[in-house]
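Below you'll find the structure, written out as structure tokens, and then a few comments.
What you see is a predicted model, and the numbers here were worked out from it, not measured in a lab. Just so it is clear, the values below take in all heavy atoms, side chains as well, and ignore hydrogens, waters and symmetry mates.
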Amino acid sequence: MLSIDSLWCGSVEELSTLRSCKPAERSEYRFRRRSSKSLIPQALLHALPDTQVRSHRQRRSGTWPRTRSLNAPSPIQQFGPCGRIMKNSAMVMQIQDPASQRLTWYKPPLTVLVIKKVHDATILTPFVQLVHWLVHDKSMVVFVEAAVLDDTLLKEYGDFTSVRERLMTFRAGTDDLTDKIDFIICLGGDGTLLHASSLFQQSVPPVMAFHLGSLGFLTPFEFNNFQDQVMNVLEGHAALTLRSRLQCVVLRKTTEDGKEKKKPTTILVLNEVVVDRGPSPYLSNIDLFLDGKHITSVQGDGLIVSTPTGSTAYAVAAGASMIHPSVPAIMVTPICPHSLSFRPIVVPAGVELKIALSPEARNAMWVSFDGRNRQALQHGDSLYVTTSVYPVPSICAQDQISDWFDSLAECLHWNVRKKQKQIDELSDMTHSSSDTLEEIDANHHDDRPADT
């Protein structure tokens, strides 16, 4: 049986140390033990079977409030007896802990944008159910794309006629939704979330994504009990993952008279911006600059500059690491580089990257933003990439950690492997091959031809 003291001790030595303390010192010792990395008593973990430990941790991740920050602790700023960091009040930043980011409404939400995967008949029934519930039961103003209502299969749903007349429509690229939408509901796969990001090139309303597509890495909600889940969001009971976006600015070469051919184009992307060689048979030859300093020249098929959210998309297929979306970073990944030493790199989120054609490049480079707006960049054109101040607030089904690892396991089958058998499971095999080394060696000598 475990004593109360032994619950907070990870070893026999620590238990003996605690028992040797005076009663007044024991509480201080226990407090120091509670500040360790694991908040679950070590002795209790050792005493429970593995299955109970896993269930204990799963319940904690889904329901318990986090008591540890997702950010690293603030480092000590004095080094040795003399050295310390020079103080600069202008560069001090206050960053909220991602674990404490929860949705709240300063006024009740009234308008909702429903984004549906187009040309998918399997989503029509969930779409009609959701819109009908939002309009009739919750009395909300629902926005949908005009292209969604053009689907002829919607005519088969008789109860949708009364709802259709109360829907607000818009056309992507034409109508501006800024300050008109309180929150967004996506029905489909990851593409619906990317589409929602493209519709808002500045502040993005909170996004709730239901998994009704193919992969669904960014869509953590199941549609079975959508009423309860949407009600939780409307009441403000939800954690948020702030998915950073990249601000991409395309600057065109100036003409001889000093005038630019086109105005700078600014596009915000959620996953990645991809620069490649397009239809040319030649290698790309791209210069990469970081904060004005030339870093390297990319010779290969191209380059991927991605957010942590995009690290599990095209970048991971090109050999990059997977980064949690709460990590402030930018990932640079080459596409089939003609070099054995060109590995993906992760740079701080605050840097500015510049991408341009090398003077020796034989062909133009092509750039696409989240797989869209593909265009060619010629000699003299340049692409600037920085982290945007407008993230995508993605609503979590559980929390920032559980949602991400669940997606890794269910969508990408991360680290799936057949389990190695235990020693006792192999006992039959070892008994069947019970020949000793001496017997094997004797048999080996018997097979040798006799000396003549």
Side-chain angles (χ1 to χ4, degrees), residues 103-213 216 218-238 240 392-397:
L103 177 63
T104 183
W105 307 100
Y106 65 88
K107 63 179 181 179
L110 177 63
T111 58
V112 55
L113 170 61
V114 178
I115 297 179
K116 168 190 167 296
K117 186 178 181 181
V118 185
H119 307 304
D120 191 341
T122 61
I123 305 182
L124 287 178
T125 299
F127 171 73
V128 172
Q129 293 176 354
L130 174 64
V131 171
H132 190 280
W133 181 75
L134 290 172
V135 171
H136 289 291
D137 293 12
K138 306 309 297 179
S139 301
M140 302 194 72
V141 179
V142 179
F143 283 75
V144 296
E145 288 190 80
V148 173
L149 298 184
D150 294 339
D151 195 334
T152 57
L153 294 177
L154 283 174
K155 297 179 180 179
E156 300 178 3
Y157 296 86
D159 56 346
F160 186 69
T161 305
S162 60
V163 178
R164 185 189 187 107
E165 299 174 352
R166 301 176 60 177
L167 298 179
M168 305 291 291
T169 61
F170 73 98
R171 295 192 180 276
T174 303
D175 299 327
D176 186 13
L177 296 176
T178 305
D179 297 330
K180 295 181 181 179
I181 305 299
D182 292 331
F183 79 107
I184 304 171
I185 296 179
C186 294
L187 303 177
D190 295 344
T192 58
L193 189 62
L194 294 175
H195 183 51
S197 171
S198 66
L199 294 175
F200 298 87
Q201 290 297 295
Q202 291 186 359
S203 178
V204 184
V207 183
M208 183 179 189
F210 285 94
H211 176 37
L212 293 171
L218 306 178
T219 55
F221 289 93
E222 298 294 336
F223 193 77
N224 299 332
N225 57 339
F226 73 92
Q227 297 94 338
D228 295 337
Q229 298 183 82
V230 175
M231 280 302 301
N232 283 334
V233 173
L234 295 178
E235 295 172 358
H237 304 312
L240 283 178
V392 173
S394 179
I395 299 175
C396 302

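Looking at heavy atoms from C-beta onward, M231 lies in side-chain contact with K138 at the 4.5 angstrom threshold. Contact check for V392 versus F200: no side-chain heavy atoms found under the 4.5 Å cut-off. Looking only at side-chain heavy atoms (C-beta outward), V163 and W133 stay at 4.5 Å or farther from each other. Side-chain contact between T192 and L187 is absent, with no heavy atoms from C-beta onward closer than 4.5 Å. Side chains of S197 and V204 form no contact here, defined as non-hydrogen atoms less than 4.5 Å apart.
Note that OG1 of T219 and CG of L193 are 8.5 Å apart. Values are rounded to the nearest 0.5 Å. In this structure, T104 OG1 and H237 NE2 are separated by 10.0 Å, a value rounded to the nearest 0.5 Å. The OG1 atom of T178 sits 8.0 Å away from atom NZ of K180, with the distance rounded to the nearest 0.5 Å. Between the CZ atom in R166 and the CG atom in L134 there is a gap of 11.5 Å [rounded to 0.5 Å]. Here Q202 contributes atom CD and D179 contributes atom CG; the two are 8.5 Å apart, rounded to the nearest 0.5 Å. Here CG of L199 is found 12.5 Å from CZ of F143. Values are rounded to the nearest 0.5 Å.
At least one donor-acceptor pair under 3.5 Å links the side chain of D182 to the backbone N or O of T111. Within the 3.5 Å criterion, the main-chain N or O of E222 finds a donor-acceptor partner in the side chain of Q229.
Residue L218 comes nearest to A209 through the heavy atom pair O-CB, 3.8 Å, listed as atom of the first residue, atom of the second, then distance. Taking all atoms of both residues into account, the shortest heavy-atom contact from P393 to P205 is CG-O, 3.6 Å. Scanning both residues, P126 and L212, for their nearest heavy atoms gives CB-CD1, 4.0 Å. Across all non-hydrogen atoms, the minimal contact from G188 to I123 is CA-CD1, 3.9 Å. Nearest heavy-atom pair, F183 versus V230, reported as atom, atom and distance to 0.1 Å: CZ-CG1, 4.5 Å. The two residues I395 and F221 come nearest to each other via the heavy atoms O-CE1, 3.4 Å.
The environment of D137 atom CG is dense: over 12 non-hydrogen atoms of other residues, nucleotides or ligands sit within 6.0 angstrom.
Looking at residues two or more places apart in sequence or on another chain, you find a side-chain contact (heavy atoms from CB on, under 4.5 Å) between L149 and V144, L154, F160, R164, L167, T169.
The aromatic rings of F226 and F223 sit parallel to each other, their planes meeting at less than 30°, with 60° as the upper class boundary.
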